Protein chains: 2
Amino acid sequence: MENLVPKVVPGDGTDGLRERKKLRLRETIGATAIRMFLESGFDQVSITEIAHTAGVSRRTLFSYFPAKEDLVLQRFADHEDEAARTVRARRTGQSPLKALREFQLSALQRRDPYTGLNDDPEISAFFRLVLSTESLQARVMRYTSRGIDALAKELQGNGSDPLTARLAAVQIIMVLHELALMNHECILNGQSAADRYPEAIRATSRAFDLLQAGLK
Amino acid sequence: MENLVPKVVPGDGTDGLRERKKLRLRETIGATAIRMFLESGFDQVSITEIAHTAGVSRRTLFSYFPAKEDLVLQRFADHEDEAARTVRARRTGQSPLKALREFQLSALQRRDPYTGLNDDPEISAFFRLVLSTESLQARVMRYTSRGIDALAKELQGNGSDPLTARLAAVQIIMVLHELALMNHECILNGQSAADRYPEAIRATSRAFDLLQAGLK
DNA sequence: CCTCAAAAGTAGACTTAGTGTACTATTAAT
DNA sequence: ATTAATAGTACACTAAGTCTACTTTTGAGG
């Protein structure tokens with residue numbers, strides 16, 4: 001007697017040759033695109049060229065990356081809820097703001113690209129690409145916005161009323177974003193990460209002081 | 001003897017039949033576009049249709065509005081440096097934050113569309129259009145970003161060090177933006193502006209308290 | 001190993017935003 | 001009235017993204 005349940009049980013999505021192949025192809029396409037963008041600029045490379053270079057059809061490329069911007073920015077999604085996770089994982093008794101400050105300072109120390117304080121040529125070239133392309137900047141803002149949502153939710157689940165949680169999240173995420181931009185700008189101007197480091201620490205500390213104690 | 005200076009002296013740009021005609025045509029095109037967008041949605045109306053309805057060629061339309069989004073959002077540009085102007089025009093001795101708070105509360109009272117607290121059907125439809133269209137939201141963010149620049153500049157010319165000015169500007173403008181979103185959301189859900197008013201005042205006051213005294 | 005249904009991929013036409021170019025029509029000043 | 005600049009148009013072009021119908025690959029079961 002034949003089985004009435006569907007023959008293909010999706011599993012958890014990580015098993016099977018098919019899944020691994022898809023993942024690899026996605027990697028290939030993304031890497032090809034970024035390489036070409038870094039070489040010639042986002043607007044100077046067409047989807048058609050990327051697809052051809054990566055050895056897939058245009059249509060296939062679009063089935064992996066729904067928009068041209070996604071070819072560059074998928075990796076940003078990883079960081080989108082970093083702040084929320086930091087707050088969630090904080091030591092008991094520690095305030096959210098204190099946890100974020102601590103995390104941010106250690107991120108600077110380890111030159112986390114996310115802080116803007118990283119002068120690795122490939123990483124700073126990637127940042128330059130993103131920040132010099134309007135449509136990419138717009139997309140980054142979307143991720144930032146999701147980061148705000150995530151943090152607000154986390155703060156709210158932590159005793160804050162919804163209004164305060166939301167306002168705090170907006171302030172915090174946007175300030176962190178601004179600090180990263182400042183660091184990146186210095187790196188762009190040729191400063192080394194090591195040179196910039198002390199000032200980056202100072203700026204971050206000052207920013208958290210302002211967040212905590214207000215603008216006055 | 002012929003005159004060696006250029007024959008056409010531009011003047012201040014407001015004189016002449018030509019200038020007035022251009023201004024009127026621009027109005028016509030913009031109004032036509034917004035009417036059509038409100039009726040069918042931003043993505044459902046093509047540039048070709050708008051140009052045809054407004055009685056101009058596609059190319060002419062693009063010479064007035066370089067992108068489809070600009071057909072909707074040019075009027076946002078007016079508000080882009082409102083915060084900076086408010087700070088500049090404040091009474092002597094008043095702190096920037098105090099001036100902005102005062103301005104914002106009076107803007108709520110007069111139901112300034114800019115605060116999100118306006119239930120006029122045409123205005124709320126316009127907001128809904130903008131907020132339900134991704135590409136328009138991205139464009140709004142650009143204006144917001146310019147508002148930050150303007151305010152930062154104003155604060156800096158007012159004694160703040162550049163870092164503090166910049167961080168304060170980011171916080172203030174983004175918080176105001178968020179407050180407007182909240183009000184708008186309530187209006188969208190059918191609440192009247194009058195109904196929402198007390199809570200809007202409360203939220204704004206709370207937001208300025210947080211900005212001034214910190215998140216703690 | 002063979003079969004076969006589902007999933008992945010492809011080809012190519014289509015829509016639409018936006019640009020470049022070469023031409024025509026207005027306008028305003030002499 | 002002449003004329004040079006400016007505004008507007010027609011038309012062709014590029015490129016992103018979608019739709020549809022077709023082919024290939026894969027992996028599970030017998």
Side-chain angles (χ1 to χ4, degrees), chain A residues 1-11 13-26 28-29 33 36-37 40-73 133-136 138-139, chain B residues 1-11 13-29 33 36-37 40-52 54-73 133-136 138-139:
Chain A
M1 182 181 182
E2 57 186 327
N3 199 339
L4 291 180
V5 298
K7 284 180 184 164
V8 174
V9 179
T14 62
D15 55 326
L17 171 57
R18 203 169 252 176
E19 304 306 320
R20 263 174 294 144
K21 219 176 176 180
K22 273 176 71 174
L23 227 59
R24 216 181 24 203
L25 182 50
R26 188 189 169 77
T28 305
I29 296 173
M36 295 175 77
F37 288 148
S40 322
F42 186 75
D43 296 323
Q44 275 58 62
V45 183
S46 77
I47 292 279
T48 304
E49 290 172 292
I50 297 165
H52 182 258
T53 306
V56 297
S57 73
R58 252 170 54 87
R59 202 64 180 74
T60 295
L61 186 150
F62 275 117
S63 88
Y64 281 89
F65 299 92
K68 194 181 181 186
E69 287 76 21
D70 295 318
L71 284 161
V72 177
L73 293 176
T133 307
E134 196 173 295
S135 60
L136 290 176
R139 210 37 89 111
Chain B
M1 182 182 182
E2 61 189 323
N3 199 339
L4 291 180
V5 299
K7 282 179 185 164
V8 175
V9 179
T14 61
D15 56 327
L17 171 59
R18 204 169 250 177
E19 303 307 320
R20 263 174 295 145
K21 222 176 174 179
K22 273 176 73 173
L23 227 60
R24 218 179 24 202
L25 183 50
R26 188 190 168 78
E27 258 320 296
T28 303
I29 296 173
M36 295 175 77
F37 288 149
S40 322
F42 187 75
D43 296 322
Q44 276 57 61
V45 183
S46 76
I47 292 280
T48 304
E49 291 172 290
I50 297 165
H52 181 257
V56 298
S57 73
R58 250 170 56 86
R59 204 65 181 77
T60 296
L61 187 151
F62 275 117
S63 87
Y64 280 89
F65 299 93
K68 194 181 179 185
E69 287 75 22
D70 294 320
L71 284 162
V72 177
L73 292 176
T133 308
E134 197 173 295
S135 61
L136 289 176
R139 209 39 89 110

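Predicted, not measured: the structure shown is a model, and the values here were computed from it. The chains referred to below are lettered A, B, ... by the order of the sequence lines, with proteins before strands, and numbering in each begins at 1.
Exactly one of A:Leu136, A:Val72, A:Thr133 qualifies for a side chain to side chain contact (heavy atoms under 4.5 Å, CB included) with A:Phe37. That residue is A:Val72. With respect to A:Leu71, the side chain to side chain contact (heavy atoms under 4.5 Å, CB included) criterion is satisfied by exactly one of A:Tyr64, A:Phe65, A:Phe42: A:Phe65.
Where B:Val45 and B:Lys21 meet DNA chain C, the nucleotide closest to each residue was compared, and B:Val45 sits on the side nearer the 5' end. Annotation: of the two residues near DNA chain D, B:Arg58 and B:Gly55, the 5′-most nearest-nucleotide partner is B:Gly55.
When the P atom of C:dA11 is taken as reference, atom CD1 of A:Ile47 falls 16 Å away, rounded to whole Å. With rounding to whole Å, B:Phe65 atom CZ is found 15 Å from C:dA17 atom P. The nearest whole Å value for the distance from the CZ atom in B:Phe62 to the P atom in D:dC11 is 18 Å. B:Arg20 has its CZ atom 19 Å from the P atom of D:dT6, to the nearest Å. The separation between A:Leu71 atom CG and D:dA15 atom C1' is 14 Å, rounded to whole Å. Between A:His52 atom NE2 and C:dT10 atom C1' the separation is 14 Å, expressed in whole Å. Computed from coordinates, the A:Glu69 CD to D:dA15 P distance equals 16 Å when rounded to whole Å. The NZ atom of A:Lys22 sits 12 Å away from the P atom of D:dG27 (whole-angstrom rounding).
Separation of atoms NZ (A:Lys68) and CZ (A:Arg139) is listed at 12.5 Å; rounding is to 0.5 Å. Here A:Arg26 contributes atom CZ and A:Thr28 contributes atom OG1; the two are 11.5 Å apart, rounded to the nearest 0.5 Å.
Within 4.0 Å (heavy atoms only), B:Thr60 reaches at least one base atom of the nucleic acid.
Between D:dA16, C:dT16, D:dG8, one nucleotide has an atom nearer to the side chain of B:Leu25 than all others, and that is D:dG8. Taking the side chain of A:Ala67 as heavy atoms from C-beta on, and the options D:dG17, C:dG9, C:dA17, the nearest nucleotide is D:dG17. When distances run from any side-chain atom of A:Val56 to the nucleotides D:dA16, C:dG18, C:dT10, the shortest one goes to C:dT10. Here C:dA8 is the nucleotide among D:dG17, C:dA8, C:dA11 with the atom lying nearest to any side-chain atom of A:Tyr64.
When the shell of 6.0 Å around CD of B:Glu27 is examined, it contains 12 or fewer heavy atoms from other residues, nucleotides or ligands.
Side-chain to base pairing of B:Arg59 with C:dG20: one donor and one acceptor N or O lie within less than 3.5 Å of each other.
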